[in-house]
Amino acid sequence: PTIPPHHQKTQNTKKPPTPPPPRQNRQKPPNPPPTPQNTNTPSTQKNPSPLVVAAGRMGALKRNEDPDVKPSAAFHLHPNGSLQLLSAEMGDERDYTCQVLTGTAEKGRATSHLRVFVAPEPPEVTPNRGTISVIDDIAHEIATCTSRNANPAPSISWYRDGEALQITTELNRELYTVSRTVREASGLQSLTSILYLRPKKSDRDVAFHCRATYQLPNGQQDWQDAEPFYLTLHYPTENVQFWVASSAAPGGWVREGDTVSLLCRGDGNPAPEYIFTLDQEKSLETNTNGNLTLRDVSRDQSGLYQCEVADFDADPEVELVQRLELHVGYLDPLELSPGENVTVPLGGTTKLGCFTSGDPTPELLWTKDSIPLHQGPQLTLTNVSFTSAGVYTCEASVPKLPGLTRTRQLQLFVQGKPRTWRAGSGLGGAAGSGWTEGDEVTLTCLLGTPQHPAGAGTHSGEQIIGGWVQSSLKLKVMGTVAREGVTCTASNPLGHAQHTFHFEAVAPQTPQAGVAVMAAAVSVGLLLLVVALFYCMRRKGRCCRRREKVPP
């Protein structure tokens with residue numbers, strides 16, 4: 001018989017591994033060749049006599065008739081001849097003999113071996129926490145896995161990234177294990193397995209784990225996995241990369257004044273030293289993080305940058321030096337010609353110049369009132385009019401480096417003999433007809449001159465709009481204004497001009513309006529007179545009544 005102990009759990013109690021978990025292959029390991037667990041050799045007789053079995057009693061059971069064996073746990077002998085152990089223990093794993101009696105004579109006996117199965121505790125793994133070099137040509141101790149307190153002794157297998165390792169127990173330079181089994185004081189067995197491996201660079205991010213496989217009754221098997229672990233490896237550099245980490249235009253262009261980060265990375269471990277130089281002569285910085293930061297970069301920092309990885313374990317054929325070209329784009333302040341304020345005679349010609357230097361070569365654009373006029377450093381204006389006056393803007397930009405721009409403005413004045421003409425509101429028809437005496441009108445005089453005019457409209461306020469001087473005046477059309485009109489006069493050192501506003505056919509106020517006013521006044525007067533008479537009559541009546549009460 002095969003009896004699991006009453007006080008032990010025979011089911012597998014696995015603890016889920018911490019991420020990243022190894023790929024679990026839940027296929028059962030191949031079963032070992034079956035071994036006989038029971039040996040029953042009953043005696044045979046030609047003329048068997050009736051069997052007599054002692055049964056139905058509780059007490060101590062002796063094994064193999066050995067007087068030195070102490071009594072075991074309680075048992076129960078059933079009438080059908082079966083023996084039941086009420087609480088199996090490891091000490092109960094041994095041979096048991098059954099005797100058949102006929103009366104008082106022994107007719108035969110048979111022996112059976114009892115096996116007690118105990119599942120092990122969850123396996124424990126102790127990895128090598130040091131740094132293991134992949135350069136060495138020998139296998140290093142990787143980890144120790146221990147499975148404790150099982151019966152029979154378990155077996156331990158090793159896994160790499162969820163795949164079982166094909167391991168030998170013979171010493172070699174690549175892969176093998178060393179195992180030992182210890183019998184504990186309780187009679188249970190513990191197994192320890194040590195894994196030796198010559199690691200490769202590809203093992204740097206791979207999860208390893210061990211598995212304890214143990215037997216169950218009826219030829220079954222189960223297993224438990226230990227927590228996965230990772231190796232810390234030392235491996236030389238095989239590849240080096242060097243690039244501009246901050247935003248840069250194609251070709252390694254950056255803007256002057258920006259902060260630029262250069263990153264250099266080698267794939268060795270531990271991280272080597274990185275040596276940065278400029279134009280293979282000027283030493284810049286040495287560090288282990290591979291970062292070179294250029295703050296507020298200037299044009300003189302353009303050049304050939306070099307990163308060298310100081311890894312003495314690297315293969316001589318590995319290129320440990322990388323270079324890159326860095327171009328710092330810049331744009332100098334703009335210069336205007338002939339200056340910020342330019343005066344041009346009316347009808348004349350002028351050239352406006354805008355100059356700068358930069359790398360890459362900048363582009364120049366002239367605009368007026370946000371309207372593009374000319375692309376290039378010089379803007380030529382011919383037959384200048386008063387409308388040509390105003391603010392001109394020169395904008396320099398570098399298309400290859402967005403955001404690298406400069407602007408500057410130029411004020412153009414047009415000088416010439418004044419010209420005036422009327423404008424504004426309230427002037428009626430083309431001949432100035434349709435006015436009524438007393439109407440209010442706004443007169444506006446536009447003066448084609450950069451100088452302030454001296455004339456009738458100056459007291460009402462002036463403003464310059466688009467190179468024109470505009471003066472406005474509010475007045476009523478009546479009297480002398482209606483008969484003689486209003487004159488706007490402008491003058492400057494080059495001459496003067498004037499314009500007269502006429503108000504012809506101004507109609508007087510209509511008589512109907514005067515009669516209506518007189519009628520309204522008479523009506524109000526009559527109403528007041530009636531009220532006064534009524535009030536007076538009331539006062540006189542009171543006085544008469546008072547005089548009648550006075551004695552003669």
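Keep in mind the model is a prediction, meaning the values are calculated, not measured.
Judged as a salt bridge (charged side-chain N to carboxylate O under 4.0 Å, His left out), the pairs with a partner in residues 235-248 (not counting sequence neighbours) are, in order, K201-E238. Every pair passing side-chain hydrogen bond (donor to acceptor under 3.5 Å, both in side chains) that includes a residue from residues 347-357 is listed here, sequence neighbours excluded: D332-S357. Under the side-chain hydrogen bond (donor to acceptor under 3.5 Å, both in side chains) criterion, the residue pairs touching residues 376-385 are S385-T387, with sequence neighbours excluded.
A245 is linked by a side chain to side chain contact (heavy atoms under 4.5 Å, CB included) to W243, S261, L263, counting only residues two or more places apart in sequence or in another chain. Partners of D136 according to the salt bridge (charged side-chain N to carboxylate O under 4.0 Å, His left out) rule, which considers only residues two or more places apart in sequence or in another chain, do not exist here. In terms of the salt bridge (charged side-chain N to carboxylate O under 4.0 Å, His left out) criterion, D311 has no residue partners (sequence neighbours excluded). For E256, the side chain to side chain donor-acceptor pair (under 3.5 Å) partners two or more places apart in sequence, or in a different chain, are R299. Every salt bridge (charged side-chain N to carboxylate O under 4.0 Å, His left out) that R173 has, sequence neighbours left out, goes to D137. Here D313 pairs with nothing under the salt bridge (charged side-chain N to carboxylate O under 4.0 Å, His left out) rule; sequence neighbours left out. For T177, the side chain to side chain donor-acceptor pair (under 3.5 Å) criterion is met by no residue, not counting sequence neighbours.
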Enumerate, atom names and distances included, each donor-acceptor pair closer than 3.5 Å involving a side-chain atom of residues 124-131, sequence neighbours excluded.
residue : atom : partner : partner atom : Å
E124    : OE1  : R148    : NH1          : 3.0
N128    : OD1  : G130    : N            : 2.9
N128    : ND2  : E141    : O            : 3.0

Donor-acceptor pairs under 3.5 Å, side chain of residues 268-275 to any protein atom, not counting sequence neighbours: which ones?
residue : atom : partner : partner atom : Å
N269    : ND2  : L233    : O            : 2.6
Y274    : OH   : G266    : N            : 3.1

Derivation of the side-chain hydrogen bond (donor to acceptor under 3.5 Å, both in side chains) call for N291 and R265: CA-CA 9 Å; N291 296 347; R265 292 291 182 270; 3.1 Å; yes
Evaluation steps, side-chain hydrogen bond (donor to acceptor under 3.5 Å, both in side chains), between E395 and T405: CA-CA 7 Å; E395 179 180 354; T405 60; 5.2 Å; no
Check against side-chain hydrogen bond (donor to acceptor under 3.5 Å, both in side chains), W223 and S157: CA-CA 10 Å; W223 66 77; S157 54; over 6 Å; no
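Salt bridge annotation for E174-R198: present, with a cationic side-chain nitrogen under 4.0 angstrom from a carboxylate oxygen. Using a 4.0 Å cut-off between charged side-chain N and carboxylate O, R408 and E335 make no salt bridge.
More than 12 heavy atoms of other residues, nucleotides or ligands sit less than 6.0 Å from atom CD of E325.
Closest approach of Y305 and F242 over heavy atoms only: O-CE2, 3.6 Å.
Proximity of a side-chain donor or acceptor of N172 to a complementary backbone N or O of E170 within less than 3.5 Å is detected. Of the possible donor and acceptor atoms, none in the side chain of T343 sits under 3.5 Å from a partner among the backbone N and O of F413.
Classification of the H209-Y159 ring pair by plane angle, with boundaries at 30° and 60°, yields parallel.
Taking the six-membered ring wherever Trp is involved, the centroid distance between the rings of W366 and H374 does not fall below 6.0 Å.
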